[in-house]
Amino acid sequence: MPEGHTVHRLARTLEVLFAGRRLAVSSPQGRFAAGAALLDGSVLVRAEAWGKQLFCGFAPVPGDGVQHWLRVHLGLYGAWTFAGEGDDVVHAIGAPRRRIGERDSVPEAPDGAVPAASEAWEPPEPRGAVRVRLLADHAVADLTGPTACEVLTDVEKAAVEGRLGPDPIRPDGGHASLAAARDAFVARVRRSRVTVGQQLMDQAVVAGVGNIYRAEVLFRAGLDPLRPGRDVPAAVLDAIWDDLVDLMRDGAATGRIVTTRPADRGAGHDVPDGGRRRTRQNTDDDAGAVPADEAFYVYHRDGLPCRVCGTPVLLKELAGRNLFWCPACQA
DNA sequence: TCTAAATGCGCAG
DNA sequence: TGCGCCTTTAGAT
């Protein structure tokens with residue numbers, strides 16, 4: 001379920017928690033036992049994201065170069081959960097999940113007894129099918145349900161990156177500059193007659209865009225998803241890239257995807273009585289967050305009136321994924 | 001208790 | 001184009 005913004009957030013969280021620390025790496029579920037054995041006891045040097053790919057670099061000694069990369073791709077429903085000393089560490093990133101620490105809080109000591117002086121933080125038991133557990137003295141990260149989880153060399157990592165298009169969240173888009181990244185994106189889309197809707201989901205065209213950003217950015221551009229790439233004016237694609245940079249960086253900063261402009265939210269646009277909320281984000285409970293029902297223009301809004309013109313939003317399966325769009329605004 | 005769905009992708013034909 | 005895979009959860013039975 002996560003798109004690129006989630007993976008960038010994860011990389012940052014993993015760095016903050018673990019960079020420079022020697023980790024116990026295990027596979028409680030067992031399916032990653034061999035890879036975990038390779039990494040166990042080494043130091044996490046850094047974590048980085050390119051699109052939806054997450055790379056954690058491990059060295060045998062602090063300060064040394066990276067010896068192994070852990071590559072993780074969350075796929076449709078992979079997720080990391082974190083727990084540790086202090087509540088600020090306890091949260092989940094990826095597919096929205098119950099927080100790992102919630103059931104494992106330390107019970108109140110009876111009669112106001114002072115906790116034992118030697119009481120150290122203890123990691124909670126793994127919950128569910130945990131493929132990888134990264135454990136330090138003060139915190140733990142558990143990974144469930146990834147579509148990819150493997151140990152790579154530098155060369156293998158470079159090969160993976162070589163297949164990816166520019167990433168709007170990376171400072172330079174993964175190219176010489178952000179401008180060069182935009183040019184690469186525009187040229188790539190315009191050299192094919194494959195529909196823009198399909199190309200936006202192609203990680204070789206642009207890395208990190210998923211089904212939500214695809215639908216929403218096309219709506220905001222007023223562009224028909226079924227238009228062949230080569231027929232889209234370069235200026236429109238320039239604007240789409242710039243919009244992705246804004247939207248996805250905001251998503252990485254806040255942890256949720258919000259694409260509606262304030263004027264298009266609220267009264268008259270809400271899900272009608274009986275309508276169920278279909279999209280959840282990890283930060284739905286946060287105070288001040290834009291309500292989930294108001295965060296999107298078209299994603300999961302098929303059959304509902306377009307927020308801008310009132311025309312019912314359409315749904316069509318395209319290349320195995322659900323495509324949502326307004327046939328009037330995106331003509 | 002069962003089933004469908006989910007923000008993804010690689011492979012076969 | 002369609003299928004399989006990875007896992008959890010909400011909603012139906």
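Lettering of chains follows the sequences in order, A, B, ..., and the numbering in each one begins at 1. Small disclaimer: the values here were computed from a predicted structure and weren't measured.
Comparing atom distances between the A/N211 side chain and each of B/dT7, C/dT8, B/dC9 picks out B/dT7 as nearest. Closest to the side chain of A/A129, out of B/dC9, C/dT8, B/dT7, is C/dT8. Listed candidates were C/dT9, B/dT7, C/dT7. Nearest to the side chain of A/R131 is C/dT7.
None of A/W325, A/Y213, A/F219, A/F324 except one satisfies the ring-ring contact (aromatic ring centres under 6.0 Å, His included) rule with A/Y297; the exception is A/F219.
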Where do N or O atoms of nucleotides 11-13 of chain B meet protein N or O atoms at under 3.5 Å, pair by pair?
none

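Side-chain N or O atoms of A/R170 include one that pairs as donor or acceptor with a backbone N or O of A/A49 at under 3.5 Å.
With salt bridges taken as basic N to acidic carboxylate O contacts below 4.0 Å, one links A/R182 and A/D238. A salt bridge links A/E48 to A/K157: at least one charged side-chain nitrogen sits closer than 4.0 Å to a carboxylate oxygen.
A residue-by-residue look at A/R163 and A/I257 shows that A/I257 has its nearest nucleotide of DNA chain B further toward the 5' end.
Here A/G320 lies out of heavy-atom contact (under 4.0 Å) with every strand.
Within the 4.5 Å cutoff, side-chain heavy atoms of A/C149 are placed close to those of A/L70.
Within residues 23-36 of chain A, the residues approaching DNA chain C are A/Q29, A/R31, by heavy-atom distance under 4.0 Å.
To the nearest whole angstrom, the two P atoms, one in C/dG11 and one in B/dT7, are 16 Å apart.
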